[in-house]
Number of protein chains: 2
Amino acid sequence: MAENPIQRWTRQREVILEELRKLNSHPTAAGLYQIVRRRLPKVSLATVYRNLVRLSELGYVRKLDLGGSEARFDANLERHDHVRCVRCGRVDDLRSPPIELGRAVQDDWGGYEIVDYRLEFLGVCPRCRQRTKREPG
Amino acid sequence: MAENPIQRWTRQREVILEELRKLNSHPTAAGLYQIVRRRLPKVSLATVYRNLVRLSELGYVRKLDLGGSEARFDANLERHDHVRCVRCGRVDDLRSPPIELGRAVQDDWGGYEIVDYRLEFLGVCPRCRQRTKREPG
DNA sequence: ATCTATGCAAAGCTTTTGCAATCGT
DNA sequence: ACGATTGCAAAAGCTTTGCATAGAT
């Protein structure tokens, strides 16, 4: 997938990957930037973006591109789907096995050659459900 | 869904809705703008955006928010999924019936209350497949 | 007459890019 | 030493917003 596999394992790249691997919260680039900054105060947001692109190309991470205005990143490379909270934006992994492509659609594909799918559930996360009970509306 | 259902049926709103209804190509705001401009040369892109938001609130259209950088709009209000061409960005309706939420996931939802899902298939559209045969790579 | 909607331009937000300096190999 | 990578700032791409004017009811 990467055109040029040559890479230099810079401190920035290392820390960005390490911190993303610690999280299961699928941070946005800006979110991860704030976390990485705690270890590398001088890092720039552009470096975080560039490394996330590079690490995706190299197959270390996955760019999620779910709904919402910001892309999210995931170091969990196994095929899995996500649930996104419509209130707070939080994204969690779905424990359940991914759907079977073949079963989902019985009809024809209109001439398309299918290569992948993107499935995202929308819901209200436990914390936001709790909050709703106290302050409805 | 609309906070304030009061509305004025302006020429712009009418034409924007009419043109979107003619299409099954799920245009972006900019794409629809180009089409609407043929009938209303002085219309502004901001008006198209504002009306698409308003028409979504009023339930006349649906904002798709699939992958990709631009939002797409659909006047087909029936529950249906989409296929997006990874080469040219074209979005088509899936004829097949939508998947059944309950069947897709057997396991627990991690405390989430599920309200909706978003399913998008990625593939290569007929035209791009054709092109590939001539100029592979 | 009232008050929403429009057109224009400017601003906002996320992401990308140009450039000189830095650092990994 | 070579050239990929960085930090900074500027730019780019999509969408929203402020404001004065036009227009629907």
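Everything numeric here is computed off the predicted structure, so don't read it as measured data. The chains referred to below are lettered A, B, ... by the order of the sequence lines, with proteins before strands, and numbering in each begins at 1.
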Output the rounded distance in Å from [atom1] ([X]) to [atom2] ([N]).
X	N	atom1	atom2	answer
B:R37	C:dT6	CZ	P	16 Å
A:R13	C:dC23	CZ	P	15 Å
B:W9	D:dA24	CH2	P	14 Å
B:L32	D:dT15	CG	C1'	15 Å
B:L45	C:dA5	CG	P	18 Å
A:L40	C:dT22	CG	P	18 Å
A:L52	C:dT14	CG	P	15 Å
A:R54	D:dT6	CZ	P	10 Å

Closest listed nucleotide, where the reference is the side chain of B:R8 and the choices are C:dC3, D:dT16, D:dG7: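 Nearest to the side-chain atoms of B:R8, counting from C-beta on, is C:dC3.
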
Polar pair under 3.5 Å, donor/acceptor by atom type, side chain A:R11, base C:dC23: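 There is none.
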
Quick one: do [X] and [Y] make a salt bridge, cutoff under 4.0 Å?
X	Y	result
A:R38	A:E19	no
B:D92	B:R90	yes
B:R21	B:E18	no
B:R84	A:D116	no
B:R11	B:E14	yes

Aromatic ring pairing B:Y117/A:F121, orientation class (parallel under 30°, perpendicular over 60°, tilted between):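 If you compare the ring of B:Y117 with that of A:F121, the planes turn out tilted.
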
Given DNA chain D, 5'-ward residue of the pair B:T28 and B:T10, judged by closest heavy atom: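 Per heavy-atom nearest nucleotide, the more 5' residue is B:T28.
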
Nucleic acid contacts - residues 63-73 of chain B versus DNA chain D, non-hydrogen atoms under 4.0 Å: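 The answer is B:S69, B:E70, B:A71.
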
A:Q12 side-chain N/O to D:dG7 phosphate OP1/OP2 under 4.0 Å: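 Result: yes.
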
Any A:Y49 side-chain N or O less than 4.0 Å from OP1/OP2 of C:dT15: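 Answer is yes, contact under 4.0 Å.
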
Residue pair A:D93, A:H26: steps toward the side-chain hydrogen bond (donor to acceptor under 3.5 Å, both in side chains) verdict: CA-CA 9 Å; A:D93 287 340; A:H26 315 81; 2.6 Å; yes

Pairwise 5' ranking along DNA chain C for A:A29 and A:R50, keeping only the more 5' one: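 Mapping each residue to its closest nucleotide by heavy atoms, the 5'-most match is A:A29.
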
